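What follows is a set of notes on a single structure, which appears directly below.
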Amino acid sequence: MPGTEDAFYLTTPIYYVNDAPHIGHGYTTVMGDILTRWHRQRGEQVWYLTGTDEHGQKVLRKAEENGVKPQEWVDRLIDTEWKPLLETLDIANDDFIRTTEERHLLGAKAFWERMHANDAVYKGSFSGWYSVGAEEFVAEDDVLDGEGEDTGHKVSALDGSRLEHVTEENYFFRLSDYQDRLLALYEERPEFIQPESSRNEIIAFVKRGLNDLSISRSTFDWGIQIPWDPSHVMYVWIEALLNYVTAIGYGTDQDRFERLWPADVHLVGKDIARFHAVIWPAMQMASGIEVSHRVFAHGWLLVGGQKMSKSKANGIRPAEIVDVFGSDAYRYYFARALTFGRDGSISWEDIHARYTSELANGLGNLASRTAAMIGKYFEGRLPDAGEPTDAETAVVDLVADATARADAAIEALAPHEAVSAVWEIVESLNGYLAEQQPWQVAKHDLVRTGAILATAAEGLRALCVLLAPVMPKATAALWESLGADAVIGPLSDQRIADVPRWGQLPAGTPVTKGAVLFPRIEVEDA
RNA sequence: GGGGCGGUAGCUCAGUCGGUCAGAGCAGAGGACUCAUAAUCCUUGGGUCGUGGGUUCGAGCCCCACCCGCCCUACCA
């Protein structure tokens, strides 16, 4: 396992500040958070990076429209849109990189110097159809023959504006040189780009041949200057990808960089898989650093249901969901209801249905009934577990097995499978209680009643640890109600590997009922 | 045009190497129970596995063709 000795380093894409945060951003960020929290719970060193991409012509233009300097504009968006998103979703990122930060500027320049020194960059000319109105180049596919008063000219299919054929001097990246090395990379390390569907597309794309990439712009200046030619700024994509190295010290803190690099996982949406699985590794090769381990492309969120179907997925703000169901339910839902790496349907109705049946009636009620009985029959003191019968052994075995399967699923970047495995514990504990009927046994055998409830409490202890990465708030509350902190320490110190070890909560531990974990939610129109 | 991924019970989806693979959850129906958030537990699904062929002793699972949906086919991010 090359490079993972030091720290598990996972990144999200850096989000383009101009966008409004939507559930797609939320999805990526939450999944990254779940994966990294799980790795921390394993006791590993972890580095979880997210951030924002703030340069480019579009940002500049938007700032001008709003009558402010671009820096002022992006600062405002960070404060009002992007930082709050992390709060809303309860994200425990270790760092947040902004491409307007000094460390990124310095690191990006250093990286370019390196590519230049290695002769991966050259000056050439780029020509294409330029829309003066939109101030940008229009792709060949969007160039149409003009009609009416535009007859004889080319026009943009995007906005109908007249186009001029423009040639400009740009710096180019020798992407074409890397075709063979990239194909070799995909071949030798099949896990480099996942899932399989993305890998297939990427390979097909590269096999068709790669062209050199125009990577600088000289028509505007909101960007990072090319170190040896300040009349050009870096093309935003080429600059943005560098955040993955500049954030951990490339060009500014070499020791730190070497500790964290290479990245273990770049989480991306499948729309930008190509940048991460083709251009980015080629750039890494060009600069001489080790290539990242994995790029994982997740799928699209297909929005169904009544309310949401009226707007597109990217019109839904995470806060709309969190305000009603809470951040834990949001995180749980996206992790559980979708197969990571594939497109999947979501709907308001489905969120509500799963919230009710799985969180409120499943986990929430399990915690509630267990604590209530310990309160009722044992005055809130955890009873003695006694000698296990077959029923208890079955529970213990399932916990061990589910833990192992969940851990393997996380390793395979299949968090949905991990949650599913853990949920078997919730279901089996509710079944265990129904079969053992501690409320009946209590009428004649309090020792046995205690053993049953102690087993349920241990099961909840296990669930707290396993679900902490997914639902940090609810598990913290449950941990509190189990009185676990005082006897076995903070939830964050519990290790996945120790989950199956039974009997950690000693008899006598005060167990309190606590607030309802997932109150039922009535939804009128929604 | 080329390529990718899908099309499995009302809904959302599992189905690893072809042989209990025709499944799970939810919804619906019936029953049990009462500790609990009127929660829980048990029972209950007969769907031509998109269509038509083919390979095989045997195919959602392999091959071919076709139909439908989404996506990729580079330089706005």
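Since this is a predicted model, take the numbers as computed values, not measurements. Every chain is numbered from 1, with letters handed out A, B, ... down the list of sequences.
- Comparing atom distances between the A:Arg369 side chain and each of B:G4, B:A74, B:A36 picks out B:A36 as nearest.
- In this structure, the CZ atom of A:Phe205 is 12 Å from the P atom of B:C72, given to the nearest Å.
- Distances shorter than 4.0 Å separate some side-chain N or O of A:Thr339 from OP1 or OP2 on B:A14.
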Exercise. List the steps, then state whether side-chain hydrogen bond (donor to acceptor under 3.5 Å, both in side chains) holds for A:Glu169 with A:His232.
Key: CA-CA 9 Å; A:Glu169 293 272 285; A:His232 285 253; over 6 Å; no

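- For A:Leu213, counting side-chain heavy atoms from C-beta on, the closest listed nucleotide (B:C75, B:U40, B:G4) is B:C75.
- Between the A:Ser176 side chain and the A:Asp212 main chain, no donor and acceptor come within less than 3.5 Å of each other.
- A distance of about 30 Å separates the P atoms of B:G19 and B:G3, rounded to the whole Å.
- A donor atom on one side chain and an acceptor atom on the other are not found under 3.5 Å apart for A:Glu458 and A:Thr455.
- If you check every strand for non-hydrogen atoms under 4.0 Å, A:Ala360 touches a base.
- Of the candidates B:A74, B:U73, B:C35, B:U73 carries the atom nearest the A:Arg208 side chain, counting heavy atoms from C-beta on.
- The side chain of A:Arg217 has B:C75 as its nearest neighbour among B:C75, B:U37, B:C71.
- Put simply, A:Ser345 has a side-chain N or O that comes within less than 4.0 Å of OP1 or OP2 on B:C13.
- Contacts of A:Leu433 with the nucleic acid, taken as non-hydrogen atoms under 4.0 Å apart, are absent.
- OP1 or OP2 of B:C71 has not a single side-chain nitrogen or oxygen of A:Arg274 nearer than 4.0 Å.
- The distance between atom CD of A:Glu196 and atom P of B:C5, rounded to the nearest whole Å, is 8 Å.
- Inspection of the A:Gln284 and A:Ser292 side chains reveals an N or O donor paired with an N or O acceptor under 3.5 Å.
- Nucleic acid contact for A:Asn211: base, since at least one base atom lies under 4.0 Å from a heavy atom of the residue.
- Two residues, A:Gly344 and A:Trp439, neighbour RNA chain B, and the one matched to the more 5' nucleotide by heavy-atom proximity is A:Gly344.
- Rounded to a whole Å, the CG atom of A:Asp343 is 10 Å from the P atom of B:C72.
- Residue A:Gly209 is classed as a base contact, given a heavy-atom separation below 4.0 Å to a base.
- The CG-C1' distance, from A:Leu359 to B:C26, rounds to 14 Å in whole Å.
- Here the P atom of nucleotide B:G4 and the NZ atom of A:Lys207 are 11 Å apart, to the nearest Å.
- Defined by atom type and a distance below 3.5 Å, a donor-acceptor pair is missing between the side-chain atoms of A:Ser481 and A:Lys513.
- Side chains of A:Tyr171 and A:Asp229: a donor-acceptor N/O pair is present below 3.5 angstrom, by distance only.
- Side-chain N/O atoms of A:Lys513 include one lying less than 4.0 angstrom from OP1 or OP2 on B:U37.
- Spacing between atom CG of A:Leu301 and atom P of B:C70 amounts to 17 Å, rounded to whole angstrom units.
- Residue contacts shown for A:Leu210 include a base, since a base heavy atom lies under 4.0 Å away.
- Counting non-hydrogen atoms under 4.0 angstrom, A:Val236 reaches the backbone sugars and phosphates but no base.
- What separates CG of A:Leu242 from P of B:A77 is a distance of 14 Å, to the nearest Å.
- Using a 4.0 Å heavy-atom criterion, one finds that A:Arg342 contacts the sugar-phosphate atoms exclusively.
- When atom types are taken as modelled, the side chain of A:Thr389 and the backbone of A:Ala391 share a donor-acceptor pair closer than 3.5 angstrom.
- Regarding A:Met373, its CE atom lies at a distance of 14 Å from the P atom of B:U40, rounded to whole Å.
- Which of B:U37, B:U34, B:G4 sits closest to the side chain of A:Gln440 comes down to B:U34.
- In this structure, A:Asn200 reaches the B:C5 phosphate: one of its side-chain N or O atoms is under 4.0 Å from OP1 or OP2.
- Among the nucleotides B:A39, B:C41, B:A77, the one closest to any side-chain atom of A:Ala434 is B:C41.
- The side chain of A:Tyr432 places no N or O atom within less than 4.0 Å of a non-bridging phosphate oxygen (OP1 or OP2) of B:U40.
- Using a 4.0 Å heavy-atom distance criterion, A:Leu366 is classed as making no nucleic acid contact.
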